[in-house]
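As structure tokens, the structure follows; a few thoughts come after it.
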Amino acid sequence: MAKRLFIKTFGCQMNVYDSARMADVLAPLGYGPTDRPDDADMVILNTCHIREKAAEKVFSDLGRLRKIKEARAAEGLPMVLAVAGCVAQAEGEEVLRRAPFVDIVLGPQTYHRLPEMVAQAARAGGAVLDTEFPTEPKFDFLPEARAEGTNAFLAIQEGCDRFCTFCVVPYTRGAEYSRPAAAVLAEAAALAAQGVREITVIGQNVNAWHGEPGWDLGTLLTALAKIDGIERLRYTTSHPRDMSDSLIAVHRDLPELMPFLHLPVQSGSNRILTAMNRGHDRDQYRRLADRLREARPDLALSSDFIVGFPGETDADFADTLALVAEIGFVQTYSFKYSPRPGTPAAAMEGQVPEPVKEARLAELQALLYRQTEAFNQACVGREMTVLLDRPGRYADQLLGRSPYMQPVHVRAPGQRIGDVVRLRIAAVHPNSLEAVPA
Ligand code: 5AD
Ligand code: SF4
């Protein structure tokens with residue numbers, strides 16, 4: 001009988017990609033997906049360590065899963081419980097100490113070995129811990145990616161060598177690694193053959209990709225655009241320091257590349273940017289935004305922000321607000337600084353009190369929300385292409401995404417999922433745009 005696998009994914013797109021690949025790795029063992037942990041023969045929590053809140057959620061989930069596992073055991077049913085991802089990598093021993101009923105703890109770089117770990121856990125009857133950084137890249141051992149739907153993530157790069165002082169990624173994901181171009185192109189072609197129309201190439205620092213001598217991310221995107229069936233491309237997440245001239249030029253020259261870029265700035269204060277070890281200041285970011293918009297005038301920017309980084313004063317925060325007002329972002333993620341064990345900023349003086357962080361976050365988010373709203377309103381009357389990717393609530397309704405990632409719904413009999421259609425935006429709803437055929 002088929003075995004059932006339940007995966008819960010926390011955190012970033014890289015984890016979404018990894019979860020899909022873990023399912024691919026386990027499929028030959030007879031595991032198929034279920035959306036309920038209660039009837040799962042195996043449960044994987046694919047965890048995130050980026051902020052304390054994200055990491056703590058894992059332990060509360062484990063408490064619930066323990067009860068389910070015990071209830072199943074009482075009925076003679078198995079449940080292999082695995083903790084994967086960045087919490088496993090950073091706190092593997094702690095996971096086993098606090099949750100000794102966990103069977104497998106594995107880091108982001110070892111999941112190609114999951115079949116062995118499952119066998120080992122069954123044999124040994126004790127927990128298996130594998131948080132190594134193997135010398136061989138896991139990508140060389142993964143089966144062909146299976147696509148679900150019209151959009152797919154494709155990991156081309158992993159890890160980070162930039163060492164921003166707030167960030168755990170260099171420790172949980174390891175040193176920067178770029179996959180070779182041939183492997184990336186082959187995976188993209190396999191996805192396209194399965195019906196994928198839009199690929200988002202991902203990496204923790206994706207624009208540092210250097211998988212082929214003489215190539216950069218721009219060259220790779222240009223090659224990806226030539227694959228039959230690929231109509232739209234995106235990439236995320238980028239570091240401002242790694243935006244090369246040739247990559248900027250590709251925003252002008254490659255129509256398949258969507259005019260939307262997530263380019264985190266984190267702060268608008270030069271003092272804080274230095275303390276964060278970002279390697280750029282506010283003027284450099286501003287110039288970068290200008291050059292991108294010269295290359296692609298309809299480009300919209302998205303960003304991440306951290307408020308309450310150690311030492312951040314009211315004046316520093318005012319600099320962030322001023323930069324946001326000046327640049328204008330259409331979609332953003334903003335967070336209170338969260339000290340992460342082992343990172344330099346966690347040990348810095350001048351940690352900002354929680355109520356100050358909260359007040360700053362609320363003020364920043366109010367401004368960012370107004371910008372998103374204004375952008376959505378400005379889309380009304382505009383024509384844009386939408387990739388239809390899901391059925392809607394009504395028989396003749398389909399849902400999709402605009403070039404700017406906005407969810408769009410349209411009543412368009414005769415059109416099909418997977419079509420890229422030209423629509424006119426007719427109205428703004430709380431969580432989506434309504435469109436009519438152009
Ligand atoms: N505290 C708060 N936010 C953080 N981020 C990364 N590390 C931290 C931290 N310690 C945010 C950054 C990053 C996004 C993925 O998460 O803004 O771009
Ligand atoms: Fe979270 Fe970073 Fe790990 Fe992604 S790479 S899951 S954001 S800690």
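Since this is a predicted model, take the numbers as computed values, not measurements.
Between Arg162 and Asp242 a salt bridge is recorded (basic side-chain N to carboxylate O distance below 4.0 Å). Using a 4.0 Å cut-off between charged nitrogen and carboxylate oxygen, Lys53 and Glu56 do not count as a salt-bridge pair. The pair Arg98-Glu91 fails the salt-bridge criterion, with no side-chain N (NZ, NE, NH1 or NH2) lying under 4.0 Å from an Asp/Glu carboxylate O. Taking a cutoff of 4.0 Å between a charged side-chain nitrogen and a carboxylate oxygen, Arg64 and Asp61 qualify as a salt bridge. Taking 4.0 Å as the cut-off between side-chain N and carboxylate O, Arg197 and Asp389 do not count as a salt-bridged pair. A salt bridge links Arg21 to Asp24: at least one charged side-chain nitrogen sits closer than 4.0 Å to a carboxylate oxygen. Taking the charged nitrogens against the carboxylate oxygens, Asp298 and Arg296 do have a contact shorter than 4.0 Å, which makes a salt bridge.
Note on residues 358-379: pairs passing salt bridge (charged side-chain N to carboxylate O under 4.0 Å, His left out), not counting sequence neighbours, are Glu312-Arg360, Asp314-Arg360, Lys336-Glu358.
No side-chain donor from either of Thr110 and Glu132 sits under 3.5 Å from a side-chain acceptor of the other. Checked by atom type, the side-chain pair Ser246/Ser244 shows a donor-acceptor distance below 3.5 Å. For the residue pair Gln109/Tyr111, the side-chain donor-acceptor check at 3.5 Å is not satisfied.
For the pair Lys138/Glu158, a side-chain contact is recorded, criterion being any heavy-atom separation below 4.5 Å from C-beta on. Counting heavy atoms from C-beta outward, Thr372 and Val330 have side chains that stay 4.5 Å or more apart.
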With ring-ring contact (aromatic ring centres under 6.0 Å, His included) as the test, would you mind laying out the steps for Phe335 and Phe309 before giving the verdict?
CA-CA 10 Å; Phe335 313 98; Phe309 185 83; over 10 Å; no
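Within 6.0 Å of CD on Glu383 lie more than 12 heavy atoms contributed by other residues, nucleotides or ligands. Residue Glu94 places its CD atom among more than 12 non-hydrogen atoms of other residues, nucleotides or ligands, all under 6.0 Å distant.
Relative orientation of the Tyr171 and Phe163 rings is perpendicular, given thresholds of 30° and 60° on the angle between their planes. Between Tyr17 and Phe139, the two ring planes are tilted [angle within 30° to 60°].
Judged by distance alone, with hydrogens and angles left aside, the side-chain atoms of Thr47 form a donor-acceptor pair with the main-chain N or O of Ala84 at under 3.5 Å. In this structure a side-chain-to-backbone donor-acceptor pair under 3.5 Å is missing from Thr34 to Ala40.
To the nearest 0.5 Å, the span separating CG on Leu154 from CZ on Arg234 amounts to 15.0 Å.
The side chain to side chain donor-acceptor pair (under 3.5 Å) with His262 is formed by just one residue from the set Thr200, Asp304, Thr236; it is Asp304.
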